[in-house]
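Some notes on the structure that comes next.
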Amino acid sequence: MRKKIVAGNWKMNKDLQEANILASEVVNMVKDEVMTDTVVVMCTPYVYLNKALKLTDGSKVQIGAQNCSEHASGAYTGEISAPMLKSIDVPYVIIGHSERREYFSETNEQLAAKVNIALENELIPIFCCGESLETRESGNHFDFVCNQLTESLFHLSAEELEKVVIAYEPIWAIGTGKTASAEQAQEMHEKLRAHLASKYGDLAEEISILYGGSVKPGNAEEIFAGKDVDGGLIGGASLESRGFVDIVKSI
Ligand code: PEP
């Protein structure tokens, strides 16, 4: 059975006090209201990871980082390594978010290296993929997104791939309020699973594929109903506890 996962990506938001309030509220609401075995993850800014790990200790809420370096250590000012995240017991890390691809020019090849180092350090990569509006309008979106998987994940062994979570996030739906329709999400997820199956066979059925892009309490249920949609990566709506937990509950 594939895991159902809802992960919040806080991006570069919240000061320490706000972060404490948000994390505590999510922990309490999840404890009282989420009876399923849905995995709930909060991907906080690096500076709050330690505190967030303490706040969520013993709860059903897991913590993730939003990025890691492809290097293990060295003269990379400002970077955070996978061994550092491992050393504080962070379980998840987002890799290849479209904002990192766009603003920090992260390439498929570099992301393959990030996936490797995350796995070597027992972190679970939430690997993001997705096309721009221009690519979708050109009709090339399936090939484009499948190629992102090929170039960043297909070097992995089956044992390694099994640990990866994939998040399909069409760039035109991120933070725009414009979500993909439930049909568009399901259609892409099905293609991605078939693409995984072309290399990894039945293992493709075990890989959780999350949808991300303007998921809100009001549209989550419809999107999550797709048979290949195994949860969501939530940006803006993860910054408010009530809405985020309502999204979790709509799985
Ligand atoms: C994201 O940044 O991963 C995301 C899905 O953002 P939003 O939900 O705000 O569109």
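Quick note: numbers below take in every heavy atom, side chains included, and nothing from hydrogens, waters or symmetry partners. Start at 1 and go down the list; that is how both ligands and their atoms are numbered. From a predicted model like this one, the values you see are computed outputs, not experimental measurements. Along the sequence shown, residues are numbered consecutively beginning with 1.
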Exercise for the section: Please verify whether a non-hydrogen atom of S98 lies at under 4.0 Å from ligand 1. Expected result: no

Practice task
With heavy atoms only and a cut-off of under 4.0 Å, state how N9 meets ligand 1: side chain, backbone, both or neither.
Solution key: side chain

Exercise for the section: Measure from the ring center of H97 to the ring center of F127 and say whether it is less than 6.0 Å. Expected result: no

Problem - Side-chain donor-acceptor contact under 3.5 Å, E134 with W172 - result: no

Handout entry: Test item: side-chain donor near acceptor, K14 and N20, under 3.5 Å
Key = no

Problem - Structural part of A167 in contact with ligand 1, heavy atom criterion under 4.0 angstrom - result: neither

Problem - Heavy atom of the protein closest to atom 1 (C) of ligand 1 (residue, atom name, distance) - result: H97 NE2, 3.2 Å

Handout entry: Close side-chain approach of N67 and Y46, heavy atoms under 4.5 Å
Key = yes

Completion exercise
In terms of heavy-atom contacts, E70 and I117 come closest through O-CD1, 3.7 Å

Problem - Min N/O separation G235 to ligand 1 under 3.5 Å - result: yes

Exercise for the section: Could you say whether the N/O atoms of G175 and ligand 1 ever approach to under 3.5 Å? Expected result: yes

Problem - Residue pairs passing the side-chain hydrogen bond (donor to acceptor under 3.5 Å, both in side chains) test where at least one lies in residues 198-219, sequence neighbours excluded - result: R2-E205, T179-Y211

Problem - Sub-3.5 Å N/O-N/O distance, G236 and ligand 1 - result: yes

Fill in the blank from the handout: To the nearest 0.5 Å, atom CD1 of I63 lies from atom CG of D57 at 10.5 Å

Exercise for the section: Considering heavy atoms of the protein only, find what lies nearest to atom 2 (O) of ligand 1 and give residue, atom and distance to 0.1 Å. Expected result: K11 NZ, 2.5 Å

Problem - Enumerated ligand 1 atoms positioned under 4.0 Å from heavy atoms of G213 - result: 5 (C), 10 (O)

Exercise for the section: Evaluate whether atom CE of M12 has more than 12 neighbouring non-hydrogen atoms of other residues, nucleotides or ligands under 6.0 angstrom away. Expected result: no

Practice task
Decide whether an N or O pair under 3.5 Å exists between E169 and ligand 1.
Solution key: yes

Handout entry: Heavy-atom gap K216 to ligand 1 smaller than 4.0 Å
Key = no

Practice task
Give the numbers and elements of all ligand 1 atoms closer than 4.0 Å to a heavy atom of A173.
Solution key: 10 (O)

